[in-house]
Structures are given as structure tokens and as C-alpha cells.
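A, B, ... follow the sequence lines: proteins, then strands. Residue 1 opens every chain. None of the values given here were measured: they were computed from a predicted structure.
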Amino acid sequence: MPEIAPPRGTRDILPPDSYAWRWLLDTHRSVVESYGYQPLDTPVMESTDLFARGVGADTDIVEKQMFTFSDRGGRSLTLRPEGTAGVVRAVLGKRLDQEMRPVRVHYAGPFFRAENPQRGRYRQFAQVGVECIGERSPALDAEIVEMAWRFFERLGITGLQLQLNTLGDRDDRARYREALVNYYTPLRDDLCDDCKRRLESNPLRLLDCKADARFAEKAPLIWDLLDAGSKEFFTTVAEMLEDADVVAHINHRIVRGLDYYTDTVFEIWHESLHGQQNSLGGGGRYDGLAEALGFPSTPGVGYALGVDRSLLVAEQLGVVPPPRPSCDALVVSVETPQARRAAAIARALRGAGLRVVLDVSDRRLDRKLRNADKLGAPLAVIIGEDEARDGTATIRDLSRRAQETVSEQAMVAVVTDALERLA
RNA sequence: GUGGCCAUAGCUCAGCUGGUUAGAGUGCCAGGUUGUGGCCCUGGAGGUCGUGGGUUCAAAUCCCACUGGCCACCCCA
């Protein structure tokens, strides 16, 4: 019915939902900053090349999910479908890794994929994420996973399952790739069309094809092909997570959709979400990414968590805190002649650091007070003819239905005290 | 991108097999109360029945297309 609706797969986040949204973002920031992660923002559009090289040309994202367009100079740009490539470009491009090592950063923002929308899946969706760039240590992999886990804990979301796997280093992956090709080639005629192509372009992704799941069951496991170093690295990560009381389900079949992962990969699933949309987020180590983007080889590890889906789960569980009232006091004038005086009083209260709404309607006083209830304001400051004449203000405690009239000089102190008592 | 279901006031929904001016609840605004609220009573505003086409004397109702939502597949957040 609105003539101009938001584009397919996008939506408006309006109050009061916007409070839940902010709660989640604040919680994330607070958790990761307690680990010393610093805020960062990168552009929502990047050179198409960044994702083609960074995410991997054979991934679904690059093949069919990117919003790509030309700017006026004919350059190909893309709305970012994920965050890691952009952050690595920014950090290494600006040589931030020369200043400190590792670089620990976090971000939050919108991402874009041209998917068919449904609940918990949008074309513009939001993620919070962290990246830790410049050092290779199992302690950092564990730190990342632990932060993600603590974040959900702080939100109060239960029923989560951590899926943990390792893809090994480049040599391991090469060996594994070969093993998969050897395994799947004799089956080639029975594979779906996509998988026939994957067999050449990206054999790892054969594993997460649902159509050919029966073959994946008997496929070789990466774990059996890892060298001693990779196994030890993973074992250390798992042990450190145990130390942190983070329960991990080792799952040697999760591969992740993006090409750049090495060693640790993980996903966090929630039992309540449907089908394959049960993933609230995931991440892993990407020691090969910097090089793929043309930077000096630099290790990194990070995660991205879906804001929309996490909020969906939080709402289902009823753990979203009720929105805090948006103001401490509503200032109302009983009649128009007192309007300017009321404005001045509102100004004085804001000067004392309070959140004050000025009622400018020409409604009756009872309607104005009704409005105060709706706003959730604990106090109303009433300026009528008497107050204007005497240089006073009436402070009404809306929950106790009690009020007192005080001099304007005392007003700020009385309001502040009343709010403290009520809090 | 493929398939299924759906679309009526801001919101939640009625509207039987097509038949005059399309309803309810809630929310909004106002009056009841010329300076006192969360309840109550009364009234009002608000809809090109998602959009466009078709069938018919007549369409919210039947048919088609488009748009959007939900669900499944794919994949992921």
C-alpha cells in the first residue's frame, strides 16, 4: 500500500525493535572491547575484484549473490557480501599491522547478498564481527571462538551448539583436495551438475552439497590427512576452549562457504531455527587471504555473527530486555501562554543531563499526561498559570500520583533527586 | 534462481457458493472532566480490498501477470 516500499529483502528497523537491535550491538561491543578489540568501519562498497579474489570465484556468493554495478567511470563495484575481505584490505593496505601485532578490530554493519529472502534471511542483513590479523597462534583461534560464545552467553541465548573443525594448512588442503578428487571422480556420473563442476573448481565444496550427501558420508576426512603440526594446532585450540568452558562439537564435515579459510573453522548453530538456516554465525582462520589479495602473506582469524538471526532467537527465548523509557521527564504547559516558559524549563533540565521531552500539543492537560504514560516518562513537569505567576514548577511522580510545587531554582535538584529515588 | 502457500483500516483479522454505501477488535484523534494520566462511556478520522489486466449485468470474492511476504530447495548470517 505504501507507493514506495523498501526493496525486496530489506526492511526498516523502527522503535521499539530498534532498542533490541541496539542492545545486541552494545552487548557485542562491550564483550569484544573487554578483549581489547578496537572499532573499525570499512566502506559498504568495494572493488568487485576484492571479493572475487578474497572470497573465491567459485563460491555461491561470488557466482550468484553479489550486488554488482558500474560507477560512472566504468569501474565495477560490489556491495560487500561479507566483512573479512574489506577489513583485511583496510588493515594491511594502511599498514596497521606495522603499528601493532596482532591487530584486533571489531565492526558492525550491513552486508548484501542477492538471495531469495525469508525469515532470518535478508538481502541486506547485519553482522557483527571481529578480526585478529598479523599473528598465527592457536590461542587467538580460541580467543575468537570464546568471544563469540561469551557474546551469546551475555545475550542470554541458550540452546547453542558450537561446531568446530580444521581444514589444515595449505599443504593439507592440497592433499585433501586430491583425496576428494580421487574419491569423487569414479562417482562423477552420479553427481549433480553443480558437483561435476565443483569437482574441478573447488572439490572441498562437494562435501556440503545436500543432493549428494550420501557420497559425502563415505568421503575421506580431512583429519586423516593432516600433518602433525596442523593436528597439534587444532588440538591446542580445542584444549584452550575446554579451559574456557566452551563446549565444542568436533565436526569434520563443516567446510564453510568461503574459500579463504585454513585451519580452524567453526559455526554456531541454534536448535530452534529451521533447516539449514540454523547458523547464527561462524568464522575461522584465513592465513591465505592476505596473499590472495596481493598483500604480503599475513595470518588472520575472525568471525561474523548474524544480527537479524540472533535477535530472532533472542526474541523467541524472551531474553530481550524491555526498552528503557526514552525520556526522564515530560514538560507540559497547561495553556499556550506558558509554552515558552515550559521550553526554558525543559532546556534547564537537559542542561543537567536529563532526557526531556517537551509537549507542544494544544491538547487538554489530561491528554498530555496520558501521553506521558505512553512515553514511559516517570515524571511530568507541569507549568500552568499559577506556576508561571509564582516562578515555580509542579513536579509530578506519575507512578505514585503524587506531586509537589517547587521554586524554579530548586527544580533541577528536585527532579534529579526524584529520578534517583525511582531508579 | 526453482517450487508451494498467502496479500482486506497503522496493527490483528471477519467478509458464506461473486449481488446495493466493506466490518470488528485494537491503536489514533476528540468530547465526557474551562489545570491532572494509566479504567470507563460517547463520537470521529482512517481502506483506489497489494498493483495491473481479464471474465461477468455485477468482482474484496473467479482467472492471468507483476510486486511483496512466508515456507521449502540451494546456500549461508
Side-chain angles (χ1 to χ4, degrees), chain A residues 1-11 14 24 55 59-65 80-84 108-129 148 192-195 198 205 208-213 254-258 267-270 273-283 303-313 330 332-335 337-338 359 361-389 394-403 405:
Chain A
M1 302 164 276
E3 303 207 338
I4 301 179
R8 184 174 170 79
T10 69
R11 57 195 186 134
L14 305 174
L24 188 142
V55 176
T59 56
D60 272 24
I61 291 179
V62 172
E63 275 176 0
K64 51 187 190 187
Q65 295 178 347
R80 60 185 187 184
E82 60 89 44
T84 305
F111 297 87
F112 305 84
R113 289 182 201 173
E115 286 224 70
N116 213 341
Q118 52 184 281
R119 177 183 292 270
R121 161 193 254 152
Y122 303 96
R123 291 186 168 187
Q124 174 176 337
F125 57 100
Q127 290 185 334
V128 294
C192 70
D193 291 345
D194 282 342
C195 283
R198 287 172 182 147
R205 309 228 31 246
D208 48 31
C209 176
K210 299 298 180 293
D212 295 325
I254 70 160
V255 231
R256 305 280 300 153
L258 317 184
E267 284 187 25
I268 293 178
W269 294 351
H270 195 268
L273 295 180
H274 290 268
Q276 295 304 310
Q277 292 186 76
N278 62 353
S279 178
L280 291 185
Y303 68 62
L305 310 175
V307 173
D308 309 82
R309 270 181 210 177
S310 300
L311 236 28
L312 203 61
V313 172
L330 179 75
V332 301
S333 52
V334 177
E335 272 151 25
Q338 293 99 47
D359 185 308
S361 69
D362 55 0
R363 280 175 277 196
R364 293 202 241 119
L365 183 58
D366 62 331
R367 307 292 177 187
K368 293 185 193 219
L369 289 174
R370 204 177 281 185
N371 190 236
D373 291 326
K374 214 171 306 163
L375 289 172
L379 298 179
V381 177
I382 302 168
I383 311 301
E385 206 181 334
D386 300 345
E387 287 85 354
R389 187 191 58 227
T394 295
I395 321 268
R396 184 169 179 83
D397 178 333
L398 289 163
S399 56
R400 286 171 41 213
R401 294 173 159 274
Q403 65 186 39
T405 301

task = For A:L305, report the nucleic acid contact type (base, sugar-phosphate, nothing); a contact means any heavy atom under 4.0 Å.
result = nothing
inquiry  = Rounded to whole Å, how long is the line connecting atom CD of A:E115 with atom P of B:C75?
reply    = 10 Å
key: Contact residues, residues 366-374 of chain A to RNA chain B [heavy atom, < 4.0 Å]   = A:D366, A:R367, A:L369, A:R370, A:D373, A:K374
task = Indicate, with a heavy-atom threshold strictly under 4.0 Å, whether A:E335 touches base, sugar-phosphate, or nothing.
result = sugar-phosphate
task = Using the P atoms only, state how far B:G25 lies from B:C40, rounded to an integer number of Å.
result = 13 Å
request  = Quote, to the nearest angstrom, the C1' distance that separates B:A65 from B:C29.
outcome  = 41 Å
inquiry  = With a 6.0 Å cut-off (strictly less than), is the heavy-atom count around CG of A:D362, excluding the residue itself, greater than 12?
reply    = no
query = Can you tell me the Watson-Crick or wobble partner of B:U33, both distances under 3.5 angstrom?
reply = none
remark   = note: A:R400, atom CZ; B:G37, atom C1'; distance rounded to Å ~ 16 Å
query = Which residue, A:Q127 or A:I383, contacts RNA chain B at a nucleotide closer to its 5' end, judged by nearest heavy atom?
reply = A:I383
task = Report which part of the nucleic acid A:Q124 touches: base, sugar-phosphate, or nothing (heavy-atom distance under 4.0 Å, all strands).
result = nothing
key: A:T84 backbone acceptor or donor facing A:E82 side chain under 3.5 Å   = yes
key: Sub-4.5 Å side-chain heavy-atom contact between A:F111 and A:P81   = no
request  = Answer with base, sugar-phosphate or nothing: what part of the nucleic acid does A:G384 contact at a heavy-atom distance below 4.0 Å?
outcome  = base
task = Output the single nucleotide from B:G37, B:U36, B:A77 whose closest atom is nearest the side chain of A:R401.
result = B:G37
inquiry  = Using atom P in both nucleotides, what's the gap between B:A45 and B:A24 to the nearest angstrom?
reply    = 12 Å
task = Ignoring hydrogens and angles, state whether a donor on the side chain of A:T394 or A:E387 is under 3.5 Å from an acceptor on the partner side chain.
result = yes
key: Complementary nucleotide of B:U61, counting Watson-Crick and G-U pairs under 3.5 Å   = none
task = Using modelled atom types only, decide if a donor and an acceptor are shared between the side chain of A:R123 and the backbone of A:R113 within a distance under 3.5 Å.
result = no
task = Sort out the partner of B:G38 for me: Watson-Crick or G-U wobble, both distances under 3.5 Å, none otherwise.
result = none
task = Searching all strands shown, indicate the nucleotide that pairs with B:C74 (Watson-Crick or G-U wobble; both distances under 3.5 Å).
result = none
request  = Measure from CG on A:D308 to C1' on B:A77 and round the result to the nearest Å.
outcome  = 8 Å
request  = Tell me, with the steps shown, if A:L24 and A:S310 meet side-chain contact (heavy atoms from CB on, under 4.5 Å).
outcome  = CA-CA 8 Å; A:L24 188 142; A:S310 300; 3.8 Å; yes
request  = Take the protein atom CG of A:D397 and the nucleotide atom C1' of B:U36, then report the distance between them rounded to whole Å.
outcome  = 14 Å
query = At their closest point, which heavy atom of A:A380 faces which heavy atom of A:L369, and how far apart are they?
reply = CB-CD2, 4.0 Å
request  = If B:A9 has a Watson-Crick or G-U wobble mate with both distances under 3.5 Å, name it; if not, just say none.
outcome  = none
remark   = A:L375 atom CG is separated from B:G38 atom P, nearest whole Å, by 15 Å
message = Nearest whole Å is fine: how far is B:U36 P from A:I395 CD1?
response = 18 Å
key: Atom C1', compared across B:C74 and B:C6: separation rounded to whole Å   = 22 Å
key: Protein-nucleotide distance (A:R364, atom CZ; B:C29, atom C1'), rounded to Å   = 11 Å
key: CG on A:D308 to CZ on A:R11, rounded to 0.5 Å   = 4.5 Å
request  = Once you apply the 3.5 Å cut-off to both distances, tell me the Watson-Crick or G-U wobble partner of B:C16, or none.
outcome  = none
key: All pairs passing salt bridge (charged side-chain N to carboxylate O under 4.0 Å, His left out) where residues 367-385 of chain A contributes a residue, at least two apart   = A:D359-A:K368
ask   = With nearest nucleotides of RNA chain B determined for A:E82 and A:D362 from heavy-atom distances, which residue corresponds to the more 5′ nucleotide?
value = A:D362
Sugar-phosphate, base or nothing in reach of A:R363, heavy atoms under 4.0 Å = sugar-phosphate
ask   = In whole Å, what separates the P atom of B:U51 from that of B:U8?
value = 10 Å
note = Scanning both residues in full, the closest heavy-atom pair of A:P110 with A:R80 reads O-NE, 2.8 Å
ask   = Between atom CZ of A:R309 and atom CZ of A:R119, what is the distance when rounded to the nearest 0.5 Å?
value = 12.0 Å
remark   = Between A:L330 and A:A377, the two heavy atoms sitting closest are N-CB, 4.2 Å
request  = Using the C1' atom on both, measure B:G44 against B:U56 and round to a whole Å.
outcome  = 38 Å
Restricting to nitrogen or oxygen on both sides, can you table the protein-nucleotides 66-70 of chain B pairs closer than 3.5 Å?
residue: B:G69; atom: OP1; partner: A:G9; partner atom: N; Å: 2.9
residue: B:G69; atom: OP2; partner: A:R8; partner atom: NH1; Å: 2.9

message = Please give the distance between the C1' atoms of B:G31 and B:C70 as a whole number of Å.
response = 43 Å
note = From NZ of A:K64 across to P of B:C75 the rounded distance in Å is 8 Å
query = On a whole-Å scale, what distance lies between the P atoms belonging to B:U12 and B:C57?
reply = 38 Å
ask   = What about A:Q403: does its side chain form a donor-acceptor pair under 3.5 Å with the base of B:G37?
value = no
